[in-house]
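Remember, it's a predicted structure, so these values are computed and weren't measured experimentally. What's counted below: heavy atoms across the whole structure, side chains too, no hydrogens, waters or symmetry copies.
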Amino acid sequence: MSRVKRAITAKKKRRKILKMAKGFFGARSRLLKTATEAVDRAMKYAYRDRRVRKRDFRKLWIARINAAARLQGVSYSRFIDGIKKAHVTIDRKMLSDLAVNDLRGFTEIVSLAKGTPAP
């Protein structure tokens, strides 16, 4: 069996880890073992928090929609139920944007949800 020399591959691997650890404090950015642990932990948090961010934004959108809907005299749950029954297919992100930036448009959607004509 022929001999395999891993110097180039190993160096690339180490360089990749240290590049990812750039900006970390102290030994975490300089020593390979410490940097590897720090990078692994950072990658784990990054993976988890990409999913958490989606949850957080959905919560924010719901809070905004709820606040705007209550100004129109309807609760969030009744509003969502009303737009589903009125066959309005608009997601929470867009509803939230309407509630913040275009109150007149949001009021029309609320009137559709209530089943009453727009004022």
Side-chain angles (χ1 to χ4, degrees):
M1 183 176 256
S2 59
R3 181 176 171 212
V4 176
K5 297 169 77 176
R6 290 196 66 241
I8 295 168
T9 313
K11 194 167 186 173
K12 274 185 191 174
K13 190 175 180 181
R14 287 191 292 265
R15 198 179 313 130
K16 185 174 115 178
I17 294 289
L18 290 172
K19 185 179 178 185
M20 290 169 79
K22 193 173 183 178
F24 289 8
F25 186 79
R28 299 173 133 233
S29 67
R30 293 184 197 97
L31 304 179
L32 184 67
K33 186 175 179 182
T34 319
T36 304
E37 291 168 357
V39 165
D40 287 347
R41 182 172 288 122
M43 297 295 276
K44 189 167 59 176
Y45 286 144
Y47 178 84
R48 180 196 70 187
D49 291 339
R50 280 194 296 275
R51 279 131 192 90
V52 171
R53 186 189 320 134
K54 292 167 181 60
R55 290 177 224 156
D56 287 344
F57 269 108
R58 187 176 170 96
K59 279 195 281 191
L60 175 68
W61 298 331
I62 288 171
R64 285 177 175 173
I65 294 166
N66 188 20
R70 284 183 188 275
L71 288 174
Q72 305 297 325
V74 63
S75 70
Y76 171 79
S77 60
R78 297 234 185 255
F79 172 66
I80 292 295
D81 181 52
I83 64 170
K84 281 187 180 163
K85 286 178 180 171
H87 302 292
V88 176
T89 53
I90 184 169
D91 63 358
R92 285 163 179 80
K93 183 178 179 181
M94 290 297 113
L95 283 170
S96 167
D97 190 50
L98 280 173
V100 172
N101 298 320
D102 183 19
L103 204 56
R104 184 174 291 142
F106 187 77
T107 306
E108 290 177 23
I109 293 173
V110 170
S111 65
L112 280 172
K114 285 182 177 177
T116 58

Validation: residues 33-55 side-chain donor-acceptor distances under 3.5 Å, sequence neighbours left out:
residue : atom : partner : partner atom : Å
Thr36   : OG1  : Leu32   : O            : 2.6
Arg51   : NH1  : Tyr47   : O            : 3.0
Lys54   : NZ   : Arg50   : O            : 3.1

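- To the nearest 0.5 Å, atoms NZ (Lys13) and CD1 (Ile17) are separated by 7.5 Å.
- The two residues Ser75 and Asn66 make their nearest non-hydrogen contact at C-OD1, 4.5 Å.
- No chain of hydrophobic side-chain contacts below 4.5 Å, direct or via other Ile, Leu, Val, Met, Phe, Trp or Tyr residues, connects Trp61 to Ile80.
- The distance from atom NZ of Lys85 to atom NE2 of His87, rounded to the nearest 0.5 Å, is 10.5 Å.
- Within the 3.5 Å criterion, the main-chain N or O of Leu103 finds a donor-acceptor partner in the side chain of Thr107.
- Grouping the Ile, Leu, Val, Met, Phe, Trp and Tyr side chains by contacts below 4.5 angstrom, directly or via other members, places Met20 apart from Leu31.
- Qualifying side-chain contact (heavy atoms from CB on, under 4.5 Å) partners for Leu60, counting only residues two or more places apart in sequence or in other chains: Phe57, Arg64.
- Cluster membership for Val100 and Val74, using ILVMFWY side-chain heavy atoms within less than 4.5 angstrom, is not shared.
- Expressed to the nearest 0.5 Å, how far OG of Ser29 lies from CG of Leu18 amounts to 8.0 Å.
- Interatomic distance, Lys12 NZ to Lys19 NZ, rounded to the nearest 0.5 Å: 13.0 Å.
- In this view, Leu98 and Ile90, Asp102, Phe106, Ile109 satisfy the side-chain contact (heavy atoms from CB on, under 4.5 Å) rule, not counting sequence neighbours.
- Few gaps surround CZ on Arg92; more than 12 heavy atoms of other groups in view lie less than 6.0 Å from it.
- Linking Ile, Leu, Val, Met, Phe, Trp and Tyr whenever their side-chain heavy atoms come within less than 4.5 Å leaves Leu71 and Phe79 in two separate clusters.
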